[in-house]
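In what follows, a single structure is set out as structure tokens and then discussed.
Quantities reported herein were computed from a predicted structural model and do not represent experimental measurements.
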Amino acid sequence: VKDSPFAMTVQPGKTFAGSCDATGPGLSEAVAGITRGFTIQAKDQLGATLMTGGDTFVVQLDSAALSIPGTVIDNADGTYSVTYRVTRSGQYQIGVLMGVENIDGSPFELDVVPAQISAEKCVATGDGLAGMTAGDFNGGKFVITAHDHYGNRRRKGGDFFTILVQ
């Protein structure tokens, strides 16, 4: 063909929710009270990565008892930075939508674990708190239930406590 080859530029198509994806550790695990995040990558219907911003994504974290919005920042390069902060431990689903459509993989399963132990939030219960008899190794028992600063019950033992008997 006369004057060939021809130089041309191929631009990606418009953003297609089902091709967009999200990456980062904040999609699967978090610690109560600690801000976490992940990145959304905009893509067209053929999966081509977009290099410009301007899309609107909505992020919502849902548990049986709570619904928490995420904050989405358009980086103007086809990526979107998402942050969120959850203070209640438990299982959540992270919904990432463009309009009314989920992006690829959404909703994501999130496990929010309790934060570090907070002595002020721990609870001691049992007969041993009222008194005990010296040498009686069967009496004087009590249980300490460990909680974090937000009141979340710690999921496993192993925390150390110092007991002062006067």
Side-chain angles (χ1 to χ4, degrees), residues 1-123 144-160:
V1 175
K2 185 177 190 253
D3 297 326
S4 67
F6 301 98
M8 59 188 294
T9 302
V10 178
Q11 298 292 329
K14 66 180 184 173
T15 306
F16 181 73
S19 295
C20 298
D21 60 27
T23 57
L27 284 170
S28 59
E29 57 187 27
V31 176
I34 304 295
T35 300
R36 293 288 282 173
F38 57 91
T39 302
I40 301 168
Q41 175 63 64
K43 296 183 179 184
D44 70 10
Q45 189 168 8
L46 298 176
T49 298
L50 298 178
M51 304 305 277
T52 58
D55 296 306
T56 301
F57 291 93
V58 174
V59 175
Q60 191 74 25
L61 290 82
D62 293 310
S63 73
L66 294 171
S67 187
I68 299 166
T71 301
V72 181
I73 303 294
D74 184 345
N75 298 318
D77 62 359
T79 66
Y80 299 78
S81 297
V82 179
T83 57
Y84 64 86
R85 182 175 175 265
V86 179
T87 57
R88 298 299 303 159
S89 64
Q91 302 300 312
Y92 290 79
Q93 287 194 332
I94 302 175
V96 182
L97 294 99
M98 188 182 118
V100 295
E101 300 291 325
N102 279 300
I103 70 164
D104 186 38
S106 176
F108 301 91
E109 298 295 325
L110 174 67
D111 182 26
V112 178
V113 299
Q116 291 296 320
I117 190 171
S118 172
E120 296 82 23
K121 297 288 184 172
C122 295
V123 178
I144 298 174
T145 305
H147 293 84
D148 69 9
H149 175 72
Y150 305 99
N152 298 306
R153 185 174 177 171
R154 302 273 293 165
R155 294 182 183 175
K156 60 181 181 177
D159 294 307
F160 290 95

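- Of all heavy-atom pairs spanning H149 and K121, the tightest one is O-CE, 3.2 Å.
- Here the closest non-hydrogen pair linking T49 and P12 is O-CG, 3.9 Å.
- In this structure, K43 NZ and D55 CG are separated by 14.0 Å, a value rounded to the nearest 0.5 Å.
- Looking only at distances, no side-chain donor or acceptor of D21 sits under 3.5 Å from a matching main-chain atom of G105.
- Here the shortest heavy-atom pairing between G47 and S19 reads N-OG, 4.1 Å.
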task = Step by step, work out the side-chain contact (heavy atoms from CB on, under 4.5 Å) result for R36 and Y84.
result = CA-CA 6 Å; R36 293 288 282 173; Y84 64 86; 3.5 Å; yes
task = Check the pair Q41 / T23 against side-chain contact (heavy atoms from CB on, under 4.5 Å), numbers first and verdict last.
result = CA-CA 8 Å; Q41 175 63 64; T23 57; over 6 Å; no
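- Closest approach of L110 and G26 over heavy atoms only: CD1-O, 3.8 Å.
- Remark: Q91 CD is packed, more than 12 non-hydrogen atoms of other residues, nucleotides or ligands lying under 6.0 Å away.
- A donor-acceptor contact shorter than 3.5 Å links the side chain of D44 to the backbone of L46.
- Atoms CG and OG1, from D159 and T145 in turn, are 11.5 Å apart once rounded to the nearest 0.5 Å.
- The OG1 atom of T39 sits 7.0 Å away from the CG atom of N75 when rounded to the nearest 0.5 Å.
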Check: residues 1-8 side-chain donor-acceptor pairs under 3.5 Å, at least two apart:
residue : atom : partner : partner atom : Å
S4      : OG   : V1      : O            : 2.6

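- Identified under the salt bridge (charged side-chain N to carboxylate O under 4.0 Å, His left out) test for residues 84-112, with sequence neighbours left out: D111-R155.
- Expressed to the nearest 0.5 Å, how far CD1 of I40 lies from CG of D74 amounts to 10.0 Å.
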Please output the side-chain donor-acceptor pairs of residues 56-63 that fall under 3.5 Å, not counting sequence neighbours, one pair per line with the distance.
residue : atom : partner : partner atom : Å
Q60     : NE2  : S67     : OG           : 2.5
D62     : OD1  : S67     : OG           : 2.6
S63     : OG   : A65     : N            : 3.2
S63     : OG   : L66     : N            : 3.0

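- Of all heavy-atom pairs between A32 and Y150, the closest is O-CE1, 3.7 Å.
- With rounding to the nearest 0.5 angstrom, the NZ atom of K14 is 9.0 Å from the CD atom of Q45.
- Here the straight-line distance linking atom CG of L50 with atom OG1 of T15 works out to 4.5 Å at 0.5 Å rounding.
- Shown here for A42 and C20, the closest heavy-atom pair between the two residues is CA-SG, 3.7 Å.
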